[in-house]
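Worksheet: one structure, shown below.
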Amino acid sequence: MCGWREWIWCIPATVAVVLVANSGAAQERPYAGIGTPLSAAEIAAIDRDVRFDGDGLPTGSGTVAEGEELYAERCAACHGEFAEGSGRTPALLGGEGTLATDAPARTIGSFWPYAPTVFDYIRRAMPEGHAFSLTSGEIFALTAFLLHINGIVEDDFSASAESLKGVRMPNRDGFVMPPHPTAQGTRCMQNCRKEGPRIAAEAPVTMEGIMTGDREEQP
Amino acid sequence: MQHAPFQPGMPVGEHPYGAPSPFMRGVVRRWLRGMLPSRLTNVAFTPLAELEGIITPNGLHFERSHAGTPHIDPARFSLKVHGLVDRPLAFSIDDLKRLPVVSRFHFIECAGNNSLNWRRPTTNAVQFTHGMLSCSEWTGVRLRDVLHLCGLKPGARWLLAEGADGAAYARSVPRELWDEALLAFAQNGEALRPEQGFPLRLLTPGAEGSLNVKWLHRLEVGDKPWLTREETARYADLQDDGTARLFTLVQEVNSVITLPCPEKPLRKHGTHRLSGLAWSGHGRIAAVDISFDGGRNWQPAQLEEPVLPKCLTRFHLPFTWRGEEMLLQSRAVDEKGNVQPTHAENLRVKSAKQVYHNNSITTWRVMPDGEVRHVRLA
């Protein structure tokens with residue numbers, strides 16, 4: 001998992017480290033002294049990310065029942081009473097079995113590979129526009145609730161650093177690391193088509209009604 | 001407001017900052033109703049048809065944010081670097097400006113550019129097919145200089161770049177992109193615009209726009225990717241078999257004709273200038289070919305200087321039009337030999353439901369009356 005295409009940069013990186021160490025010994029590092037050292041406490045105050053494997057999850061816990069209550073108060077107005085989504089606000093459940101179809105529904109339950117990421121995202125981005133506004137206990141509870149309504153945990157589940165690391169998401173194996181194939185065209189210059197061209201589809205003529213941004217329309 | 005010729009004009013200094021001519025009022029970024037969830041997480045498109053050369057004016061650079069645009073006081077701002085480093089450090093903007101500063105011309109393209117046209121053409125305007133694309137001279141310090149000051153520890157392979165916006169937007173950046181990356185505080189000669197991340201953004205030349213984290217306040221060095229929601233549930237490319245590709249970061253070779261285009265129909269018979277933009281996240285543009293007959297025959301366009309790596313390149317080609325129907329296409333080739341694919345060629349290795357990374361050749365149908373329509377050919 002760590003370090004895709006490791007071979008490309010691991011070797012140059014090792015060489016670079018050696019070079020830097022040597023040059024440091026030979027001459028004073030230019031620009032040394034720029035920047036203010038960060039204390040452990042200062043780092044702890046801003047280091048609020050949670051990695052896919054649960055690294056960075058805080059202490060504390062929250063239950064499905066607590067999460068259900070919080071959801072109704074803080075989230076339902078946008079995501080719908082049953083987390084079914086509303087308008088263009090995404091649904092937070094459903095979509096099982098749709099990824100390989102023509103109408104894929106990408107939700108926490110159908111798509112997200114790791115449970116700790118649910119905690120991380122709510123913490124940094126929800127409710128919309130209010131980063132880091134919920135307490136750890138609240139976020140654990142909301143995570144427990146969202147996992148439960150997706151059928152991933154039982155209703156007596158309590159989310160914590162320990163328990164979230166143990167959750168296996170349904171689409172855990174659905175993601176592929178690089179390298180990926182790239183699409184290539186062909187540089188033919190003359191008589192490049194055997195047949196056609198035939199117009200297969202045409203965009204609706206006007207963008208009026210859906211397009212906006214004229215200064216007159218700005219608030 | 002209008003002045004007759006040879007009459008007194010506006011007093012000097014009337015607009016301390018300056019603004020476009022009142023006759024250019026329609027040249028603005030626009031957004032689409034119902035495209036994205038809310039006004040906070042949305043995109044405003046660059047009016048490509050109205051631009052010349054390769055630089056996007058700062059007020060027209062496309063805008064994409066996930067929790068709106070914050071106004072951040074630079075006096076109270078710092079970039080914090082920590083994690084797998086020997087010396088965790090905070091840098092004010094003034095601190096950064098004491099380091100060697102470089103300026104480079106690069107495009108930024110949203111991974112979702114042209115996403116509305118994967119299944120069928122839906123947007124009849126180059127502003128909404130390719131307008132999540134802009135290009136600037138970016139000024140800042142090299143990421144690697146800052147990491148060097150902090151001292152990388154063994155095992156450092158990824159870093160998390162986090163914004164100070166209302167979504168604390170966060171992305172993992174692999175080490176192979178660090179060398180070229182900039183911590184940019186200026187665009188086109190002035191401080192970053194708020195929509196572009198004032199006071200500081202990450203610039204990862206050639207990589208998808210969303211990796212260029214704005215309002216960048218924190219870098220954490222680690223040994224693994226974080227796999228945040230914005231690189232799994234979003235910005236990962238879903239394939240037909242239901243699997244999704246992670247870290248499809250490079251914006252592949254691409255081009256589009258901006259004259260003529262749906263916003264710029266042909267109004268007169270005779271000689272015209274065809275013009276457009278080509279770009280590749282892999283390096284320089286090597287050639288652009290133009291077809292007037294839907295891809296049957298092609299001829300090379302003229303590339304305009306400068307032709308820079310991971311930067312927009314302007315191309316042109318004169319042609320004569322006498323009212324016949326034409327099917328216009330452009331096809332870019334980059335210096336690594338990558339050739340822009342047709343839609344069919346793209347679908348051989350990609351899926352129409354992957355949302356992101358649609359670099360297919362676009363077709364403009366020029367009608368006998370000179371109007372231009374966005375079509376898909378079979």
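Throughout, a chain's letter reflects where its sequence line sits, starting with A, and its residues are numbered from 1.
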Rounded to the nearest 0.5 Å, what separates atom [atom1] in [X] from atom [atom2] in [Y]?
X: His180(A); Y: Leu249(B); atom1: NE2; atom2: CG; value: 8.5 Å
X: Arg120(B); Y: Glu202(A); atom1: CZ; atom2: CD; value: 14.0 Å
X: Asp49(A); Y: Thr228(B); atom1: CG; atom2: OG1; value: 10.0 Å
X: Arg296(B); Y: Glu195(A); atom1: CZ; atom2: CD; value: 9.5 Å
X: Leu38(A); Y: Lys80(B); atom1: CG; atom2: NZ; value: 8.0 Å
X: Asn191(A); Y: Trp298(B); atom1: CG; atom2: CH2; value: 13.5 Å

Counting heavy-atom pairs under 4.5 Å to chain B, which of [options] comes out on top?
options: Ala183(A), Pro37(A), Gly174(A), Ala203(A); answer: Ala203(A)
options: Glu42(A), Gln190(A), Arg187(A); answer: Arg187(A)
options: Val50(A), Thr117(A), Thr89(A), Asp53(A); answer: Thr117(A)

(message) Ignoring hydrogens and geometry beyond distance, is a side-chain donor-acceptor pair present between Glu252(B) and Thr182(A) at under 3.5 Å?
(response) no
(message) Regarding Thr41(B) and Glu128(A), do their side chains bring together a donor and an acceptor under 3.5 Å, going by distance alone?
(response) no
Would a 4.5 Å heavy-atom cut-off, applied to side chains only, mark [X] and [Y] as touching?
X: Arg124(A); Y: Glu162(B); answer: yes
X: Gln184(A); Y: Asn338(B); answer: yes
X: Leu32(B); Y: Met211(A); answer: yes
X: Arg373(B); Y: Val205(A); answer: yes
X: Ile199(A); Y: Leu377(B); answer: yes
X: Tyr114(A); Y: Thr232(B); answer: no

For the candidates [options], which exhibits the highest count of non-hydrogen atom pairs separated by less than 4.5 Å from chain A?
options: Ser291(B), Ala344(B), Ser92(B), Ala233(B); value: Ala233(B)
options: Lys350(B), Arg348(B), Met35(B), His66(B); value: Met35(B)
options: Pro37(B), Ala244(B), Ala352(B); value: Ala244(B)
options: Ala90(B), Gly294(B), Pro262(B), Ser38(B); value: Ala90(B)
options: Leu79(B), Leu99(B), Thr342(B); value: Leu99(B)
options: Asp289(B), Asp241(B), Leu347(B), Asn359(B); value: Asp289(B)

(message) Strictly distance-based, threshold 3.5 Å: is any side-chain N or O of Arg98(B) a donor or acceptor partner for the main-chain N or O of Gly35(A)?
(response) no
(message) Treating Arg88(A) as the side-chain partner and Gly34(B) as the backbone partner, does any N or O pair qualify as donor plus acceptor under 3.5 Å?
(response) yes
Where on [X] is there a heavy atom nearer than 4.5 Å to chain B: the side chain, the backbone, both, or neither?
X: Asp47(A); result: both
X: Val118(A); result: neither
X: Arg48(A); result: backbone

Is [X] close to chain A through its backbone or its side chain, or both, or neither, when contacts mean heavy atoms under 4.5 Å?
X: Asp293(B); value: backbone
X: Pro300(B); value: both
X: Ile361(B); value: neither
X: Pro70(B); value: neither

How close do [X] and [Y] get, heavy atom to heavy atom, and via which atoms?
X: Pro121(B); Y: Pro204(A); result: O-CD, 4.0 Å
X: Pro181(A); Y: Arg245(B); result: CG-NH2, 3.7 Å
X: Ala67(B); Y: Gly129(A); result: CB-CA, 4.1 Å
X: Met177(A); Y: Pro225(B); result: CE-CG, 4.2 Å

(request) Kindly check if the number of other-residue, nucleotide or ligand heavy atoms within 6.0 Å of CZ (Phe82(A)) is above 12? (result) no
(request) Give a yes or no on this: more than 12 heavy atoms of other residues, nucleotides or ligands lie within 6.0 Å of atom CD of Glu81(A). (result) no
(request) Enumerate by number any residue of residues 106-113 of chain A whose heavy atoms lie under 4.5 Å from heavy atoms of chain B; in the absence of such residues, state 'none'. (result) Arg106(A), Phe111(A), Trp112(A), Pro113(A)
(request) Identify the residues of residues 91-105 of chain A whose heavy atoms come closer than 4.5 Å to a heavy atom of chain B, ordered by number, or report 'none'. (result) Leu99(A), Ala100(A), Thr101(A), Asp102(A), Pro104(A)
(message) Under 4.0 Å between a side-chain nitrogen and a carboxylate oxygen: does that hold for Asp223(B) and Arg51(A)?
(response) yes
(message) Please determine whether a side-chain nitrogen of the Lys or Arg among Asp55(A) and Lys224(B) lies less than 4.0 Å from a carboxylate oxygen of the Asp or Glu.
(response) no
